[in-house]
Amino acid sequence: MHVSALRLQPGSDLRSGLLTYCRRQGIQAAWVLTCVGSLQMAVLRFAGQATPATLEGPFEILGLSGTISQHGLHLHILLAGASGSVLGGHLCEGSAVYTTAEIVLGVAEDLVFRRLMDSRTRYSELVIESARAPRNSP
């Protein structure tokens, strides 16, 4: 394992910024170790809901967790509003950084994280592969 760190600038999309970073760095398997910063807008899908909600900030980022690679990602976020109220959910595109997002990733050199549609859940789910084993082609 090694560690990689990045900072996203104001106005950056948190989700797509992380995906772009992993693609540029060739990261095959990573997870979020920590993230601090703020959002000016959050787009979250709450548990059991089919469509995401768009929320106006500002929000402090209290936590970000999930798996990420150049092949896709799955992230959950915990936010605090101006009154200190806390909410969280599945992070969706459109969540814009307010002042900063400072992110530290743990990166596994021997794994590949891919996402494939799961007929049971109807979501693109994590598939873990060895980076050393040859990939089977269909």
Side-chain angles (χ1 to χ4, degrees):
M1 178 186 100
H2 74 273
V3 175
S4 186
L6 68 145
R7 176 181 178 233
L8 296 177
Q9 301 292 320
S12 300
D13 184 286
L14 180 56
R15 182 182 166 89
S16 64
L18 277 165
L19 186 57
T20 297
Y21 177 80
C22 285
R23 287 180 174 155
R24 287 185 180 151
Q25 299 297 315
I27 293 174
Q28 297 282 337
W31 58 97
V32 179
L33 294 173
T34 191
C35 174
V36 295
S38 57
L39 295 179
Q40 60 187 347
M41 179 185 304
V43 182
L44 306 179
R45 185 174 47 76
F46 299 117
Q49 301 300 308
T51 58
T54 300
L55 309 161
E56 294 292 327
F59 299 103
E60 291 291 335
I61 300 171
L62 302 179
L64 181 68
S65 62
T67 54
I68 182 170
S69 80
Q70 65 184 7
H71 309 291
L73 45 75
H74 184 184
L75 298 168
H76 289 183
I77 194 164
L78 185 62
L79 302 169
S83 69
S85 60
V86 176
L87 66 139
H90 180 84
L91 182 69
C92 299
E93 292 238 359
S95 299
V97 173
Y98 182 47
T99 60
T100 191
E102 302 162 5
I103 306 146
V104 180
L105 302 173
V107 181
E109 293 92 358
D110 58 342
L111 298 175
V112 176
F113 291 167
R114 297 190 192 279
R115 301 219 148 260
L116 295 175
M117 185 56 66
D118 185 310
S119 61
R120 292 172 292 167
T121 67
R122 289 179 257 137
Y123 288 104
S124 183
E125 302 290 3
L126 180 66
V127 175
I128 304 163
E129 300 173 351
S130 169
R132 296 193 173 102
R135 188 167 176 228
N136 294 332
S137 52

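In what follows, every heavy atom counts, from backbone to side chain, and hydrogens, waters and symmetry copies are set aside.
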### Message
Does Y98, at its OH atom, have more than 12 non-hydrogen atoms belonging to other residues, nucleotides or ligands within less than 6.0 Å?
### Response
no

Applying side chain to side chain contact (heavy atoms under 4.5 Å, CB included) to L91 and H76, what does each step give before you reach the verdict? CA-CA 5 Å; L91 182 69; H76 289 183; over 6 Å; no

message = What verdict does the side chain to side chain contact (heavy atoms under 4.5 Å, CB included) test give for L64 and L18, after you've listed the backbone C-alpha separation in whole Å, the side-chain angles of each residue and the deciding distance to 0.1 Å?
response = CA-CA 12 Å; L64 181 68; L18 277 165; 4.0 Å; yes

Residue pair [X] / [Y]: nearest heavy atoms and the distance that separates them:
{"X": "L44", "Y": "G88", "value": "CD1-C, 4.2 Å"}
{"X": "V107", "Y": "A30", "value": "CG2-CB, 4.1 Å"}
{"X": "V32", "Y": "S65", "value": "CB-CA, 4.3 Å"}
{"X": "L14", "Y": "A101", "value": "CD1-CB, 4.0 Å"}
{"X": "L62", "Y": "V86", "value": "CD1-CG2, 4.0 Å"}
{"X": "W31", "Y": "I68", "value": "N-CG2, 4.2 Å"}

Determine yes or no for a side-chain-to-main-chain donor-acceptor pair under 3.5 angstrom, with [X] supplying the side chain and [Y] the backbone.
{"X": "D13", "Y": "A96", "answer": "no"}
{"X": "R7", "Y": "E102", "answer": "no"}
{"X": "S69", "Y": "H71", "answer": "yes"}

Check whether any side-chain heavy atom of [X] sits under 4.5 Å from a side-chain heavy atom of [Y], and report yes or no.
{"X": "C22", "Y": "Q25", "result": "no"}
{"X": "Y21", "Y": "Q70", "result": "no"}
{"X": "V3", "Y": "L105", "result": "no"}

Note: with side-chain heavy atoms under 4.5 Å as the link, the other cluster members for L111 come out as F113, L126, I128

For the residue pair T20 / R15, report whether a side-chain donor-acceptor contact shorter than 3.5 Å exists. no

Donor on one side chain, acceptor on other, H74 and E125, under 3.5 Å = no

Consider only side-chain heavy atoms of I, L, V, M, F, W and Y, link residues closer than 4.5 Å, and tell whether [X] and [Y] are in one cluster.
{"X": "L6", "Y": "V97", "result": "yes"}
{"X": "I103", "Y": "I27", "result": "yes"}
{"X": "I77", "Y": "V36", "result": "no"}
{"X": "L73", "Y": "L33", "result": "no"}
{"X": "M41", "Y": "L55", "result": "no"}

Residues 34-56 vs side-chain hydrogen bond (donor to acceptor under 3.5 Å, both in side chains), sequence neighbours excluded, gives S38-T99

Inset, instruction - Would you check, one step at a time, whether the test side chain to side chain donor-acceptor pair (under 3.5 Å) holds for S124 with R114? - result: CA-CA 9 Å; S124 183; R114 297 190 192 279; over 6 Å; no

Interatomic distance, NE2@H2 vs OG@S4, rounded to 0.5 Å, equals 5.5 Å

One should read off an interatomic distance between R120 CZ and R122 CZ, to the nearest 0.5 angstrom, of 12.5 Å

